[in-house]
K.L.:
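After the structure tokens below, expect a handful of questions from me.
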Amino acid sequence: MRILSGIQPSGRLHLGNYFGMMQPSIELQEKGEAFYFIADYHSLTSTFDPVILNQNVRDLALDFLACGLDPGKATFWRQSDVPEVTELAWILSCVTPMGMLERCVSYKDKIAQGIAPSHGLFAYPILQAADILIFDSNLVPVGKDQKQHLELTRDVAGKFNDRYGAGEEILVVPEPMIRDEAAVVPGLDGQKMSKSYDNTIELFEETEKKLRKKVMKIKTDSTPVEDPKDPEGSYLIDLYRLFSSPDEVEAMKESFRAGGQGYGHYKQQVFEAIRDHFAPFREKRESLLQDPSMVDQVLADGAERARAKARTVLDRVRSAVGM
Ligand code: ADP
Ligand code: TRP
């Protein structure tokens, strides 16, 4: 089974990115042939400064390795080191009906956030489909917001197979893997955590003090300290659940219902859970920073392996379309 996922290098990673995409990807590297990449072509739709783009790629590579991506098990590369995907994207764009792209909400959402409406932004899902299909991927771990892009990928693969394979599977149709418990990680204000909403908790906040300050900002209601509190729909509990055992979550819920503690008390628990979870990764990140050439080497090795696989699928596709 081949597992594939990608993430844009568009700034500092937050808990939504971690639980939606990184942690499942890292766990899955034990379960199959894992292929993970840094989607820098995609970032050209929104990051226009070359120095920042490069820095973001490096930071993301460090973060991923620090959090447990094992280059001995997973193939890890920078998307633009495998330019074959852009050729496949063009071929796929010729089997993709316009209406399919027009229905994609992420384009509309991004424009609403102020991102320039370029052709690249509009065609973004086709490049994503190419990323997935060029590796004969079976399983794609992502957060819920990527569900529509995965559906489009499956539809495009189906259209391609219908047109050129007469029902035979030339392109493998992948399955998304979206975890229920981390489908949408809430941000400080309760909306989806996203760098666009300025409501994130980063994996590696600069200091503990900053992390604590952010956690203290998580939105709660105004129930007085001594009163019982409703654990249902509490963002605080939703976040705590990501770091804790079912028993620990149950204990916090019980304590909510019993009353007698202010929200500050629970926020302190959430703060400690986040801090402790990322402490070993922070240490690992520090040590990786001492050896920048190691990161370059990992990405170069990954690109070589990924490119060899991409080439075989692209050749199959070229031959199917008559090239
Ligand atoms: P952002 O919304 O901050 O711009 P991205 O769109 O770059 O994040 O998302 C990168 C990956 O992280 C995707 O797989 C996405 O599904 C996942 N992800 C982002 N935010 C969340 C969230 N709040 N909950 C779950 N997964 C998320
Ligand atoms: N669109 C994804 C995101 O915003 C990133 C991405 C690009 C991706 N290509 C992919 C994810 C292929 C999974 C598979 O997070």
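These figures come from a predicted structure and were not determined experimentally. All ligand and atom numbering here is 1-based and tracks the order in the structure.
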K.L.:
For the pair F122 and H119, name the ring-plane relationship: parallel under 30°, tilted 30 to 60°, perpendicular over 60°.
P.N.:
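Judged by the thresholds at 30° and 60°, the geometry between F122 and H119 is tilted.
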K.L.:
Answer yes or no: does an N/O atom from Q146 fall short of 3.5 Å to an N/O atom of ligand 2?
P.N.:
yes
K.L.:
When you compare ligand 2 with Y124, is there at least one nitrogen or oxygen pair between them that comes in under 3.5 angstrom?
P.N.:
yes
K.L.:
Is Y36 touching ligand 2 with its side chain, its backbone, both, or neither, if touching means heavy atoms under 4.0 Å apart?
P.N.:
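No part of Y36 is near ligand 2 at this cut-off.
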K.L.:
Assign the ring pair F160 / Y164 to parallel, tilted or perpendicular, where the plane angle (0 to 90°) is split at 30° and 60°.
P.N.:
tilted
K.L.:
Kindly indicate whether the side chain of K217, heavy atoms from C-beta on, has any atom under 4.5 Å from the side chain of K267.
P.N.:
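When only atoms from C-beta onward are counted, K267 and K217 do not touch, as no gap falls below 4.5 Å.
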K.L.:
Note down each nitrogen or oxygen pair, ligand 1 side and protein side, whose separation is under 3.5 Å; give only atom names and the distance to 0.1 Å.
P.N.:
unit_1	atom_1	unit_2	atom_2	d
ligand 1	2 (O)	K192	NZ	3.2
ligand 1	2 (O)	S194	OG	2.8
ligand 1	3 (O)	H14	NE2	2.7
ligand 1	3 (O)	K195	N	2.9
ligand 1	3 (O)	K195	NZ	3.3
ligand 1	4 (O)	K195	NZ	2.4
ligand 1	7 (O)	K195	NZ	3.3
ligand 1	8 (O)	N17	ND2	3.3
ligand 1	9 (O)	N17	ND2	3.4
ligand 1	12 (O)	N17	ND2	3.2
ligand 1	14 (O)	G143	N	3.4
ligand 1	16 (O)	G143	N	3.0
ligand 1	16 (O)	D145	OD1	2.3
ligand 1	20 (N)	M193	O	3.4
ligand 1	23 (N)	V185	O	2.9
ligand 1	23 (N)	M193	N	3.3
ligand 1	23 (N)	M193	O	2.9
ligand 1	24 (N)	V185	N	2.8
ligand 1	26 (N)	G16	O	3.1

K.L.:
Would you call the rings of F243 and F278 parallel, tilted or perpendicular, taking 30° and 60° as the class edges?
P.N.:
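Judged by the thresholds at 30° and 60°, the geometry between F243 and F278 is perpendicular.
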K.L.:
Does D81 come within less than 4.0 Å of R307, counting only side-chain N to carboxylate O?
P.N.:
no
K.L.:
Please work out whether any backbone atom (N, CA, C, O) or any side-chain heavy atom from C-beta onward of L127 is under 4.0 Å from ligand 2, and answer side chain, backbone, both or neither.
P.N.:
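Within the 4.0 Å criterion, L127 makes no contact with ligand 2.
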K.L.:
With no hydrogens and no angle check, is any side-chain donor or acceptor of H149 less than 3.5 Å from a backbone partner on Q128?
P.N.:
no
K.L.:
Applying ring pair (Phe, Tyr, Trp, His ring centres under 6.0 Å) to W77 and F64, what does each step give before you reach the verdict?
P.N.:
CA-CA 11 Å; W77 74 100; F64 229 133; over 10 Å; no
